[in-house]
2 protein chains.
Amino acid sequence: MTQRNIQNIKVAVDAVVFAYKEKTLSVLLVKQKFGVNKDQWVLPGGLVKDDEPLKEAVERELFEEAGIKVNYLEQLFTFGDDINRDPRNRVISVSYFALVNPTKMKLKSGTDAKDAEWFPLDEIPQLPFDHNKIIHTSIKRIQSKLAYQPIGFELLNKEFPFSDLENLYQTILNKEIDRRNFRKKILSFGLLNETDKMSQKGAGRPAKLFKFNQSKYNKLVKEGFLFEIK
Amino acid sequence: MTQRNIQNIKVAVDAVVFAYKEKTLSVLLVKQKFGVNKDQWVLPGGLVKDDEPLKEAVERELFEEAGIKVNYLEQLFTFGDDINRDPRNRVISVSYFALVNPTKMKLKSGTDAKDAEWFPLDEIPQLPFDHNKIIHTSIKRIQSKLAYQPIGFELLNKEFPFSDLENLYQTILNKEIDRRNFRKKILSFGLLNETDKMSQKGAGRPAKLFKFNQSKYNKLVKEGFLFEIK
DNA sequence: TCAAAAGTGTTGAGTTTACACCCATGC
DNA sequence: GCATGGGTGTAAACTCAACACTTTTGA
């Protein structure tokens, strides 16, 4: 700060990884094994390497800290207005949010020997830095995303009953949806294909399984649509 | 890169400032007076100071380089995947986009003795770094913004004829709009208040002047709406 | 009186909402 | 046979899209 021409700001990346299981949205947190915040849960992330693209830094950290690879990753926001967000140093955080299907992967304590765990949204503890704020921002983002892009492919199993999608939307938006109207609307986009399989487990009448029409899905992600859910 | 624990990445901010004049959208560029890119036009911006919030860094650079203060500033994207986007050093750019009414301010060559000028979108030259890409991203952003938030307050005069708003939308979206339907829709939001003034200059019948209903405007910016323009 | 831009309504089509009962299965 | 969740249709309300002529002013 006193020396000329030497900027002393560190660049970190952090990720809010969402998974959907048992009708709740969860976020991935990892436990710090070292440092000032030892034993505290934090968002996965860390400093970017000098020769590393930002996005690769996120992917590396997710793999090192939790052993996962995500299939959807989007830049969220860069937090750097609070110059003391990290009390040790000036650090700005380029934050990402990611979507994964938790049944496809096992969390494993990574090479950094950190623990990793899914926390349902309403059980997220107080976190160090501005990590709670980052999570809050990412929830807003995913909610508003629903209005103009399809979501689900990255979070659900390959084949799923219609009610999974319906529950996913209800969970993210945190409100009730009319089952019949929702189904009509989704089907009218041509987003889903029926399979000839039926769900097995559980009470009640077995449900047809659907899968996403991948090319239609990609098209709608790119072009967007307007989809207000009442 | 070889030394441990010393990250060597610089953090810059850049701004895409939009102004609307004479039925075209323009972007502010400044001329570099020193350095490798001497005499080239670039986006206003520069390195962030160690004890400076990101947003303040943008505001400072805009004032130093062009003598302006903007009334709308939004973070756009952080460019840092191309590790050679600046050939001299690893620099990541936290980019912002801003909206201003150009009649309210005079550009002035700032304390850095740079020139500053408005460039209509279709006259923007090849720029160094990834500045053309940043501008392209910001145009996409402003276009998609129109579908869920009102825009105009920051770009138009305090009191303006309805046709100004109509032209603004047509310019940003780059397509024709049905005058009658557009007027009905905008008025139905309660976004505008009539004044009792009339436009003076120009051919044709004089037009009523409108102004934005500030509180309604802020409310719609916050809450958003769905507004598809055919 | 002509050119230029402002102002203004209606109708048909399409979309959205609200709403409730029967079906298939496991226990 | 009952509890559980799955599957389905319709009518009324509303919103959207398409469309053209009249008014006011200055030159």
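Everything numeric here is computed off the predicted structure, so don't read it as measured data. Throughout, protein chains are lettered first and strands after them, A, B, ... in sequence-line order, and every chain is numbered starting at 1.
A:R85 pairs by the side-chain hydrogen bond (donor to acceptor under 3.5 Å, both in side chains) definition with A:D130, not counting sequence neighbours. Evaluation of the side-chain hydrogen bond (donor to acceptor under 3.5 Å, both in side chains) rule for A:E59 yields no partner, not counting sequence neighbours. In this structure, B:E117 has no side-chain hydrogen bond (donor to acceptor under 3.5 Å, both in side chains) partners at least two apart in sequence or on a different chain. With sequence neighbours left out, the salt bridge (Lys or Arg N to Asp or Glu O under 4.0 Å) criterion links B:E56 to no other residue. When the side-chain hydrogen bond (donor to acceptor under 3.5 Å, both in side chains) test is applied to B:Q149, the partners found at least two apart in sequence or on another chain are B:K145. In this view, A:W41 and A:F119 satisfy the ring pair (Phe, Tyr, Trp, His ring centres under 6.0 Å) rule, not counting sequence neighbours.
When DNA chain C is scanned in the 5' to 3' direction for atoms under 4.0 Å from non-hydrogen atoms of chain A, the outermost contacting nucleotides are C:dT16 to C:dT25.
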Please tabulate, for side-chain N and O atoms in residues 218-227 of chain B, each donor-acceptor pair with protein atoms closer than 3.5 Å (sequence neighbours left out).
{"residue": "B:N218", "atom": "OD1", "partner": "B:Q214", "partner atom": "NE2", "Å": "3.1"}
{"residue": "B:N218", "atom": "ND2", "partner": "B:Q214", "partner atom": "O", "Å": "3.4"}

Pairs under 3.5 angstrom only: tabulate donor-acceptor contacts from the side chains of residues 134-143 of chain B to other protein residues two or more places apart or in another chain.
{"residue": "B:T137", "atom": "OG1", "partner": "B:K133", "partner atom": "O", "Å": "2.9"}
{"residue": "B:S138", "atom": "OG", "partner": "B:I135", "partner atom": "O", "Å": "2.7"}
{"residue": "B:R141", "atom": "NH1", "partner": "B:E74", "partner atom": "OE2", "Å": "2.6"}
{"residue": "B:R141", "atom": "NH1", "partner": "B:Q75", "partner atom": "O", "Å": "3.3"}
{"residue": "B:R141", "atom": "NH2", "partner": "B:L76", "partner atom": "O", "Å": "2.7"}
{"residue": "B:Q143", "atom": "NE2", "partner": "B:I172", "partner atom": "O", "Å": "3.0"}

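For A:F153, the CZ atom is loosely surrounded, since the number of other residues' heavy atoms within 6.0 Å does not exceed 12.
Near DNA chain D, meaning a heavy atom under 4.0 Å from it, residues 164-175 of chain A has no residue at all.
Residue pairs meeting the side chain to side chain donor-acceptor pair (under 3.5 Å) criterion with at least one partner in residues 158-179 of chain B, sequence neighbours excluded, are B:E159-B:K197.
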Self-check item: Per-nucleotide protein contact string for nucleotides 19-27 of chain D, where B marks a base within reach and S marks sugar-phosphate only (heavy atoms under 4.0 Å, - for neither)
Solution: BB--BBB--
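With rounding to whole Å, B:R183 atom CZ is found 18 Å from D:dA17 atom C1'.
Using a 4.0 Å heavy-atom cutoff across all strands shown, B:S163 reaches sugar-phosphate atoms only and no base atom.
The C1' atoms of C:dA13 and D:dC21 are separated by 24 Å, rounded to the nearest whole Å.
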